[in-house]
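Below, chain A is the first sequence line, B the second, and so on; all start at residue 1.
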2 protein chains.
Amino acid sequence: MADLKAGVNQLFLREEELRTGMELLFYAYREFTAEPDEILAEIGFGRAHHRVIYFVGRYPKITVSELLAILKITKQSLSRVLGELVRQGFIDQQTGARDRRQRLLELTGKGVELERQLSETQRQRIARAYRMAGAEAVEGFRKVMMGMLDDEDRAKFTPPAPARLATKR
Amino acid sequence: MADLKAGVNQLFLREEELRTGMELLFYAYREFTAEPDEILAEIGFGRAHHRVIYFVGRYPKITVSELLAILKITKQSLSRVLGELVRQGFIDQQTGARDRRQRLLELTGKGVELERQLSETQRQRIARAYRMAGAEAVEGFRKVMMGMLDDEDRAKFTPPAPARLATKR
DNA sequence: GCTTTTAGGTCAGCCATGTTGACGCGGTTG
DNA sequence: CAACCGCGTCAACATGGCTGACCTAAAAGC
């Protein structure tokens, strides 16, 4: 009887624990994107533009197909926002040297500035959370988050050389 | 000189650390929603329907305004998906006893079944991540995630009585 | 008891961002 | 030189946000 009760209770706790995880992800993601979204709205951009700017800043000289592989959207969807960013001078395209079909993407000065501005609040939010939680908690956070990813995405974090560096350019 | 170098290196690590946090959130959220999205697409629903079903399941007899406060969308947006869910028999509305203007929302059997099906993959994903990372890591994960929230959302987790229980019904 | 506020719904239209499908151009490669 | 590939583009559609206007019925305030 006591055993049964303990079992039930454990199941309940587990259920609660899992729900907590789901909700933390939902709320955190929403608040994480809220502030940049406001800035973006002012200049007529959306979250999609932020993602492109972020990853182009993260991986300078990234090709369009590499970017597509990261974002996992169609090239038509990417094209819309990328085109605007290029036309408005936030991103530069240069023809690949080795393969002249490729467009290597890079932030302009203006692009770097916007990226910095957009990500600043997010960086602060994370930095605050890390500081409040402590180094050990951060390690746990990373472990759990990694565990949520599929192998493909997990690979982007583990190796000394991220996937793209293994790709011929 | 050594000090300077250490400082620079620490800054770099910090920058990398923060970027890692941002990206973990991006990838994890995307994969977290991918599987339910597929199921939803088959029955002509979208992610918005899932959110409504989830929170109605989580808080049976929740009112429309409480739901709006959680989701932080407009009532017109909610109305669209909630209406479909009610008409198709996934959610029941009953008039509030104390306040007859209120519609208390509840999942039907059909709704419970769909909720279970949708959340199952997410539960598994989280359970897997928790299991792989260990109890201590989970505690760290929770701490960091909580630190990312604004006070308002954080309050939903901390108290023995969630905000809605303090609300008169 | 009358007025105001509140809970909820509805119509209409706009926007951002995702999708599919088809097609074109130029560069690379077997 | 043919086939494939990287990239771009046109067109059409769906989802899910948004604003603004307007409605009913119930509750609350005076």
The contact string for nucleotides 16-22 of chain C, one letter per nucleotide 5' to 3', using protein heavy atoms under 4.0 Å with B, S and - for base, sugar-phosphate only and none, comes out as SBBBBBB

**Message:** Using OP1 and OP2 only, check whether a side-chain N or O of Q93(B) sits under 4.0 Å from dG9(C).
**Reply:**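 Yes, within the criterion.
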
At less than 4.0 Å, is any side-chain N or O atom of S65(A) found next to OP1 or OP2 of dC7(D)? Yes or no.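 Yes, such a contact exists.
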
- Message: For R58(B), is there an ion pair with E16(A) - N to carboxylate O distance below 4.0 angstrom?
- Response: yes

task = Answer yes or no: is there an ion pair linking R30(A) with D150(B), defined by an N-O contact shorter than 4.0 Å?
result =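 No salt bridge links R30(A) with D150(B).
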
Any side-chain donor paired with an acceptor under 3.5 Å for E120(A) and Q124(A)?
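A donor-acceptor contact under 3.5 Å links the two side chains.
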
Exercise. Answer yes or no: is there a donor N or O on one side and an acceptor on the other, between the side chain of K61(A) and the main chain of V56(A), under 3.5 Å?
Key: no

Review point. Do R101(A) and dT28(C) share a donor-acceptor pair, side chain to base, under 3.5 Å?
Key: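 Absent.
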
Can you spot which of E15(B), E23(B), E17(B) makes a side-chain hydrogen bond (donor to acceptor under 3.5 Å, both in side chains) with R19(B)?
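Result for side-chain hydrogen bond (donor to acceptor under 3.5 Å, both in side chains) with R19(B): E15(B).
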
Tell me if the centroids of the rings in [X] and [Y] come within less than 6.0 Å of each other.
X: F55(A); Y: F26(B); answer: yes
X: F32(B); Y: Y27(B); answer: no
X: Y59(B); Y: Y54(B); answer: no

Parsed dot-bracket for DNA chain C after applying the Watson-Crick and G-U rules with both distances under 3.5 Å and | for other-strand partners is ||||||||||||||||||||||||||||||

